[in-house]
Amino acid sequence: MRTSQKRQVCVLLPNKQHLDCTVRVKHRGHEVLNSVLKQLGVSELQVLGLAVLRDNEYLFLDLEQKLSNYFGKTWNRGSLTVPFILFLRVKYYVESGQLILSSKVQDLYYAELRQKLLHSQSRHQEALFFQLAASALQAEVGDLEPRPEGNDDDEEEGGEKGQERKHRLYFLPEDYFPSWLIKRRGRDFLLQHCPVLHVELRGVTRSQAILQFIKEAGILQDGPVTFYRMREKKKELRSSILLGVALKGIHIYQEVEGKQSPLHDFTWTNIDRLTFQGSRFEISAVGSLCLPKLVYYTPSSLHSKHVLRHLSDSHRLHIHSRASHFYKEAYICDTTRLAQRLQNNSLSSSMSECSVAVETTTWSKEEAYEGDKVAGRLNGNNMFRDIAALREFELCVDEPEEVFVDNPAEVAWLAELSVDGQVLLPSSYWTAVALEMKQVLRRRADEGVSVD
């Protein structure tokens with residue numbers, strides 16, 4: 001492989017570590033995925049996906065597309081000294097961590113949920129944050145000895161107070177609670193009461209604590225959700241609508257003065273049709289809900305196609321999870337394998353084609369989940385063939401395709417991670433992301449790159 005034909009791709013992991021991948025100029029997302037799998041020592045990522053950062057949002061790669069489609073012209077003239085940045089992110093959320101078969105993937109899933117916890121805006125679920133903090137502390141710190149009990153005044157003046165202070169100050173509230181909760185309750189309150197819950201988990205192993213954290217995090221209103229920012233009107237400057245993709249459906253919020261107000265909550269069975277036309281996104285609910293068609297606008301047609309793909313894959317995974325749960329099968333299938341098995345029910349969505357892709361199916365709940373009938377369908381490679389998807393997904397692209405993801409090699413934009421004057425996550429989050437990316441670039445510059 002000639003040096004001029006090589007490119008360095010740095011994949012940032014949820015646990016703040018990174019993987020370096022060397023690929024060819026004409027390689028596609030699959031080649032990066034294969035390198036990540038090999039370095040992690042796992043056979044599949046299951047719930048994780050490779051993503052690029054675009055307008056402060058993570059867009060999951062279409063692995064069939066060439067990497068040049070995401071990095072633009074700078075990919076062709078790039079060098080081995082400055083890597084292109086990708087992220088390994090949670091693409092699909094699950095109700096139970098036991099569905100994630102690999103312990104390494106489970107750890108990465110947990111690491112991302114830990115970060116999401118710190119930025120959660122679920123202010124009405126305050127008690128849940130204490131439970132989550134206790135589970136995280138048990139997973140990361142281990143058993144906490146009970147607070148010493150003594151009535152002697154001399155001991156209270158000396159050793160006991162010192163032990164109690166040590167008992168309270170073994171963690172930083174900023175690492176386990178969102179900033180608004182720290183401000184509301186105060187650091188002393190959190191340091192005093194969180195250890196009480198932590199002590200109750202004595203004897204719980206690290207893996208058990210992680211599973212408990214994953215289960216509890218699934219209750220958070222904005223926890224197991226991937227958000228995409230949209231506008232109410234096409235010419236609006238500020239994107240105040242947040243569309244959340246979750247396991248069981250779609251959540252829509254409106255951001256007002258930095259706070260998220262829920263507007264609509266659709267399960268998959270409540271949705272009649274999702275339509276993208278360029279940057280225009282429409283949600284049509286089933287007639288029984290008596291809701292008008294909802295119309296929003298994404299930043300670009302590139303966003304539209306990737307959001308649609310994510311919605312479609314998430315719905316299919318939900319259908320699969322329900323069928324697997326019915327038969328008590330703990331199995332998660334990645335998108336590629338799932339697409340192969342769905343075959344006739346698959347939805348095509350290609351970045352390189354400006355065409356209409358429509359797939360219409362019908363889903364009878366009684367037929368799909370009636371025990372004896374389904375039993376005959378869940379066999380071998382045909383286990384998903386008769387599981388229907390949404391009634392209709394429709395993608396219409398009428399805008400030019402010359403839209404590329406920002407080039408991470410040009411680090412000037414890292415200090416300006418904002419869009420429309422607002423960001424989905426606070427500036428501190430994007431500052432941390434920018435700092436992490438800069439540190440990777442700096443280390444690579446100091447260490448140099450060896451060329452085979």
Side-chain angles (χ1 to χ4, degrees), residues 14 47 56-58 89-97 109-140 171-187 189-194 196-198 201 209-230 239-268 270 310 314 318 422-430 432-433:
V47 294
N56 286 0
E57 291 184 344
Y58 296 101
R89 304 282 299 176
V90 174
K91 186 175 183 181
Y92 309 111
Y93 292 97
V94 293
E95 294 178 309
S96 171
Y109 184 91
Y110 163 77
E112 183 164 328
L113 284 180
R114 280 278 284 111
Q115 293 302 311
K116 288 179 70 70
L117 164 70
L118 302 181
H119 304 290
S120 173
Q121 294 297 314
S122 299
R123 299 171 185 260
H124 61 290
Q125 296 178 291
E126 181 177 315
L128 182 58
F129 288 98
F130 284 87
Q131 299 175 26
L132 287 166
S135 297
L137 285 168
Q138 182 65 22
E140 298 166 13
F171 72 97
L172 294 175
E174 291 79 6
D175 292 337
Y176 294 90
F177 293 93
S179 58
W180 60 264
L181 184 51
I182 298 175
K183 184 178 180 180
R184 174 187 291 179
R185 290 295 184 178
R187 299 180 83 257
F189 182 91
L190 303 180
L191 289 170
Q192 178 182 355
H193 292 280
C194 190
V196 177
L197 296 176
H198 183 187
L201 296 178
I210 288 178
L211 289 175
Q212 181 171 322
F213 182 94
I214 292 174
K215 181 179 180 180
E216 293 170 342
I219 307 174
L220 271 180
Q221 181 175 322
D222 58 358
V225 184
T226 300
F227 285 105
Y228 295 100
R229 187 173 291 279
M230 298 184 179
S239 301
S240 61
I241 299 298
L242 301 176
L243 182 140
V245 183
L247 174 64
K248 296 182 179 180
I250 299 174
H251 309 306
I252 300 177
Y253 298 84
Q254 185 167 32
E255 193 172 63
V256 180
E257 297 181 352
K259 297 182 179 180
Q260 299 173 7
S261 300
L263 295 180
H264 303 282
D265 190 357
F266 296 104
T267 63
W268 295 118
N270 287 336
H310 191 190
S314 296
H318 171 63
Q422 291 182 312
V423 293
L424 177 58
L425 294 171
S427 58
S428 59
Y429 174 84
W430 295 113
V433 173

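Residue numbers count from 1 along this sequence. These values consider heavy atoms only, across backbone and side chains, with no hydrogens, waters or symmetry-generated copies.
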Provide the closest heavy-atom pair for [X] versus [Y] in the form atom of the first, atom of the second, distance.
X      : Y      : result
Val225 : Gly244 : CG1-CA, 3.3 Å
His251 : Tyr253 : CB-CE1, 3.6 Å
Trp268 : Gly249 : NE1-N, 3.4 Å
Asp222 : Ser122 : OD1-OG, 2.7 Å
Phe171 : Cys194 : CZ-CB, 3.8 Å
Leu247 : Val94  : CD2-CA, 4.4 Å

Applying salt bridge (Lys or Arg N to Asp or Glu O under 4.0 Å), name anything that partners Glu126, two or more places apart in sequence or on another chain.
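Only Arg184, Arg185 meet the salt bridge (Lys or Arg N to Asp or Glu O under 4.0 Å) criterion with Glu126.
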
Would you kindly say whether Arg123 and Gln125 are connected by a side-chain donor-acceptor distance under 3.5 Å?
no

Passes side-chain contact (heavy atoms from CB on, under 4.5 Å), Leu242 versus Arg229? Steps please.
CA-CA 5 Å; Leu242 301 176; Arg229 187 173 291 279; 3.8 Å; yes

Between [Y] and [X], is there a side-chain heavy-atom distance shorter than 4.5 Å?
X      : Y      : result
Leu128 : Glu216 : yes
Leu113 : Leu132 : no
Phe266 : Ile252 : yes

Could you check, using the six-membered ring where one of them is a Trp, whether Phe129 and Tyr176 have ring centers closer than 6.0 angstrom?
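Ring centres of Tyr176 and Phe129 not closer than 6.0 Å.
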
Parallel, tilted or perpendicular for Phe130 and Phe189, by the 30°/60° rule?
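Rings of Phe130 and Phe189: perpendicular, as their planes differ by over 60°.
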
Might you work through the side-chain contact (heavy atoms from CB on, under 4.5 Å) test for Gln121 and Gln221, ending with a clear yes or no?
CA-CA 8 Å; Gln121 294 297 314; Gln221 181 175 322; over 6 Å; no

Under the 3.5 angstrom rule, does the side chain of Gln138 hit a backbone N or O of Ala209 as a donor-acceptor pair?
no

Indicate yes or no for a side-chain donor-acceptor contact from Arg89 to the backbone of Glu112 under 3.5 Å, with no hydrogens or angles considered.
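Such a contact is absent between Arg89 side chain and Glu112 backbone.
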
Gap separating the [atom1] atom of [X] from the [atom2] atom of [Y], nearest 0.5 angstrom:
X      : Y      : atom1 : atom2 : value
Thr226 : Glu57  : OG1   : CD    : 10.5 Å
Leu118 : Leu181 : CG    : CG    : 11.0 Å
Ser240 : Met230 : OG    : CE    : 12.0 Å
Gln212 : Tyr110 : CD    : OH    : 11.0 Å
Ser135 : Leu197 : OG    : CG    : 9.0 Å
Leu220 : Leu117 : CG    : CG    : 6.5 Å

CD of Gln254: more than 12 outside heavy atoms within 6.0 angstrom?
yes

Please lay out, stage by stage, how Val256 and Lys259 fare under the test side-chain contact (heavy atoms from CB on, under 4.5 Å).
CA-CA 5 Å; Val256 180; Lys259 297 182 179 180; 5.9 Å; no

Determine whether Phe213 and Glu140 satisfy the following criterion, side-chain contact (heavy atoms from CB on, under 4.5 Å), listing intermediate values before the conclusion.
CA-CA 12 Å; Phe213 182 94; Glu140 298 166 13; over 6 Å; no

